[in-house]
Trainee: 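I am attaching a structure below and will ask some questions about it afterwards.
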Amino acid sequence: MSLVTLLTDFGTADYFVGAVKGTLLRLAPTCQLVDITHQVPPGDIVWGAHVLWAAAPAFAPGTIHLAVVDPGVGGSRRILAAEANDGLYVAPDNGLLEAVLDTARVVSVARPDLYLDGPSQTFHGRDRFAPVAAFLARGGAAETLGPVVQDPVRLPSWKPVREERGARGQIVHVDRFGNLVTNIPSGWLPPGTAFRLKVGGQTELHVLASCYADLPGSRPGVVPGSLGLLEISVQGDSASRILGSERGAQVTLRLLETGSKDF
Amino acid sequence: MSLVTLLTDFGTADYFVGAVKGTLLRLAPTCQLVDITHQVPPGDIVWGAHVLWAAAPAFAPGTIHLAVVDPGVGGSRRILAAEANDGLYVAPDNGLLEAVLDTARVVSVARPDLYLDGPSQTFHGRDRFAPVAAFLARGGAAETLGPVVQDPVRLPSWKPVREERGARGQIVHVDRFGNLVTNIPSGWLPPGTAFRLKVGGQTELHVLASCYADLPGSRPGVVPGSLGLLEISVQGDSASRILGSERGAQVTLRLLETGSKDF
Amino acid sequence: MSLVTLLTDFGTADYFVGAVKGTLLRLAPTCQLVDITHQVPPGDIVWGAHVLWAAAPAFAPGTIHLAVVDPGVGGSRRILAAEANDGLYVAPDNGLLEAVLDTARVVSVARPDLYLDGPSQTFHGRDRFAPVAAFLARGGAAETLGPVVQDPVRLPSWKPVREERGARGQIVHVDRFGNLVTNIPSGWLPPGTAFRLKVGGQTELHVLASCYADLPGSRPGVVPGSLGLLEISVQGDSASRILGSERGAQVTLRLLETGSKDF
C-alpha cells in the first residue's frame, strides 16, 4: 500500500481536493492519502516549498509527495517527478521542489498516455498530477516518466550567510502561532553566548530560551525551533504581530564577546 | 472496503466532523473516509450541491457520498438515499442532491432501526445519516432503506439559455482563487470566435484564453474551466474582487459576426 | 489496525500536522488516522477539552486519541497517557483530558527511549506525543509508559448548579453556527415546562423547540442539543452574534410555576 501526501493551494471549500483524491483512489485504489496542507496561500510557491521541505522528512522513505501550487497551469511549465532519498515527488516545475532539487534525480513528465481527457487546461492537479502520482503509487518507475531535467526552475537562494561573529539571514516562514522562522541554523547561536538579533533593521533581541514557556513575559525572544532553525517568538502571543515582521524580513545575528555590551 | 466521502457545512473547528467519522468507523470499521469539504457556508445548499456535483464524478463507481447541509434537521424534511450511475448518495431532501435527481433511483429513508438514540433532534449527521451511510458501506442495499420518492425537493433551475448568437446564464460558484464559474458550457464559445461577455450587466469581456497564465496582465478574461463551463478569471488575482461579482450574477454571452464590432 | 484520532491547535496551513502524521505512519504503518480538529484556537485548552470530550464517545473502544494543545511544550509539564473506558488518550498534563480524568487510569509518560531526537524542545507533537501514540497503536501497553499520576492538572469546574426551581450554568462552547452550548443538561428543562433563561445577565428567553427549524422567526430560543446540553440558538443565524454572548457567559434557568408569569 503506497502512501501519497498532498500539498496544494486549493483550499478546502471547493471541489478541487475532492476531485484530486477521487482520481487518486480511482486509479490507485489501495493507496493511502495524507494531507500536508491545502492552505498554501493562492500561488505562493515559496510557502508551499517551505512546508513541503519541513514536512516530508517525517514520512517513511518511499512516500509519494504530490504538490500542486501551480499558477502556470496549462502554460508551458513542465511537470516534474523527482526521486529523492526520502521519497518521490510530483510537482510543477516552478521551484516548489526546491528542497530536493540539489540531490534528487529529476525528470520532466511526458506521459500523455497517463493524463486524463479533462475539459480544460486549468486543473492539471486532477487531470495530470493525480494520474502521474497514481502511476507511482501503483509501483510505476519514475524514470519511465520522461527525460532527465538538468535545469529545473529554482527559487531565489534563501541561504543564510555566516560571518565571523554572527550571521545574516531572513524570515522564511511565519507560522500559525506568529512565530517568525528564520533561516539561521540554531547551532550558529551556541547556548550561553551573549548575542543581539535584529529583525527588520529595528527590533533588537537578546534573550534565548529553549521553549516558548521560558520566554520572559510578553517580550519577544529567540528559540531554537523544530526545524533546526532559530525562531523569534513571544510566549502566548504572535511575534509577527507584535514585531510587525513578515516573511522576507532581514535578520542579523551578532555574537558578543564575553563581557561586551556592544552590538 | 467501501469508500465514503463527506461533504458538510460543519466546519472543522467543532466536534461535528469527528463525531460523524467516529460513528461511521464504529459501524463500518473497514470503510475508507475521504473529505470533499466541510467548509460549505452554513446552510448554503446551493454551494454544497455545486461542490458535490463537481467532485463526485472523480470517484470510482460504488463510492458512497454522505452529504449533510441540513438547516431543516429535526423537522419534517426527509432523508434521501439515491442510487446514481456513479455512486450512492445519502443527504437531506432539500436539493443538495440536485445533480443526480434526474437520473438516480431515490428513496426516502425510513429505518429507525438503524438510527442512533441521540439526545436531540439537532445532529442527524451523527445519529441518522452516518448510520445509514454505514449500512450502505457494509453492503446494505439502498432499495431496502425506504419507499421510492417521486417528488424530491429541487433547486431553482440554473440551466443556461442558449440563443441563436449567444447565451444567457449566471455565476454558479466563486472558487478560492476568485474565479467566477458560470453555467455556460465552454463548447458554446468556440475558440476563435469573437465575442462579448457581460457580467452583472456592466462589465464586458472579450478575451478568451485556454489557461489563467495566458490572460493579459491584470485584466479579466474568459477561460474554459475544469468543469466544462466558462469561467471569468484574472491572472494571479481574484476576478470576483476585481469585478465585484458574486454567485447569482447574470452573465450574457454574445457571439459576434466575423468582422463585427457591435455587441 | 489501530485507529488514531488527532486534535491539535496546529491549524492546517503549516507543516505541523503533516509532520505528526508522517511520524505516526512511519512508526505505526498500519494505523488509520482521523482528524477531530486542528482548529483549536492557539493554546485554548478549554476549547480542546470540550471538543475532545464531545467527539471521543463516537469512536469505537480502543481508539487512541492524540491531543496536543500544548502552550507549555518543552517546559516541566508532564505528558499523560490515560486508559479510559472508551479509549486511550495521549496529551499534555494541562487539563486537556479533563473529561476522562475522573475515571481513567492515568500515567505520566517517561519513555525517552521512544522519543525522537528532535532539534528543539518546541514540537513534542512530532518528537514525543506521536511516538508515544504510535507505541500504543502498535499494541504497546499504556501501563508501561510510566508511573501512575494522582494529581493531573484539572480545569476549573464548569459543572452547572441545580437549584430547586432552576439551574445556574454557563456557556461552554460556541459552535460554527453560533449556537451557544450551555453546560445545563437538557433533562433539567422538561418539555412543557414554562421557563425563563437568562444569558449574560440580560437576555431573557422563554421558547423551547426540539430543533432549529422550529424556532420562531429570527428570535433566539432554547434547543436540547446534540451533547445532551441546552443550547441557545437562532434559526438560520448566529445566536452568539445576535446576543453578543461568548463562552464563559453566565446562564440562569428558572422553571416557572404553572400559570406563573414571574421570573
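Residue numbering restarts at 1 for every chain, and letters A, B, ... go by the order of the sequence lines.
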Trainee: Using the test side-chain contact (heavy atoms from CB on, under 4.5 Å), find all partners of A:Ala67 that sit at least two apart in sequence or belong to another chain.
Mentor: A:Leu7, A:Leu52, A:Ala91, A:Leu96
Trainee: Which pairs with one or both residues in residues 46-56 of chain A pass salt bridge (Lys or Arg N to Asp or Glu O under 4.0 Å), sequence neighbours excluded?
Mentor: none
Trainee: Tabulate, with distances rounded to 0.1 Å, every donor-acceptor pair spanning chain C and chain A at under 3.5 Å.
Mentor:
from     : atom 1 : to       : atom 2 : distance (Å)
A:Thr37  : OG1    : C:Thr12  : O      : 2.4
A:Trp47  : NE1    : C:Ala13  : O      : 3.1
A:Ala58  : O      : C:Arg26  : NH1    : 2.5
A:His173 : NE2    : C:Asp14  : OD1    : 2.7
A:Arg176 : N      : C:Asp14  : OD2    : 2.7
A:Arg176 : NH1    : C:Asp9   : O      : 2.7
A:Arg176 : NH1    : C:Val40  : O      : 2.8
A:Ser226 : N      : C:Ser120 : OG     : 3.4
A:Ser226 : N      : C:Thr122 : OG1    : 3.3
A:Ser226 : O      : C:Arg126 : NH1    : 3.1
A:Ser226 : O      : C:Arg126 : NH2    : 2.8
A:Ser226 : OG     : C:Tyr15  : OH     : 2.5

Trainee: Is C:Phe16 close to chain A through its backbone or its side chain, or both, or neither, when contacts mean heavy atoms under 4.5 Å?
Mentor: side chain
Trainee: Looking at C:Gly72, C:Ala13, C:Gly18, C:Gly11, which has the largest count of heavy-atom pairs under 4.5 Å with chain A?
Mentor: C:Ala13
Trainee: In terms of heavy-atom pairs under 4.5 Å, which option from A:Gly178, A:Gly225, A:Ala60 contacts chain C the most?
Mentor: A:Gly225
Trainee: Quick one: closest heavy-atom pair of C:Gly75 and A:Cys211, and the distance?
Mentor: N-SG, 3.7 Å
Trainee: Could you report the tightest heavy-atom contact between A:Ala55 and C:Ala19, atom names first, then the distance?
Mentor: CB-N, 4.4 Å
Trainee: Non-hydrogen atoms of chain C under 4.5 Å away: do they reach the side chain of A:Val40, the backbone, both or neither?
Mentor: neither
Trainee: Non-hydrogen atoms of chain C under 4.5 Å away: do they reach the side chain of A:Pro41, the backbone, both or neither?
Mentor: neither
Trainee: In terms of heavy-atom pairs under 4.5 Å, which option from C:Gly118, C:Ala130, C:Gly74 contacts chain A the most?
Mentor: C:Gly74
Trainee: Which answer fits C:Pro42, side chain, backbone, both or neither, if we ask what part of it has an atom under 4.5 Å from a heavy atom of chain A?
Mentor: both
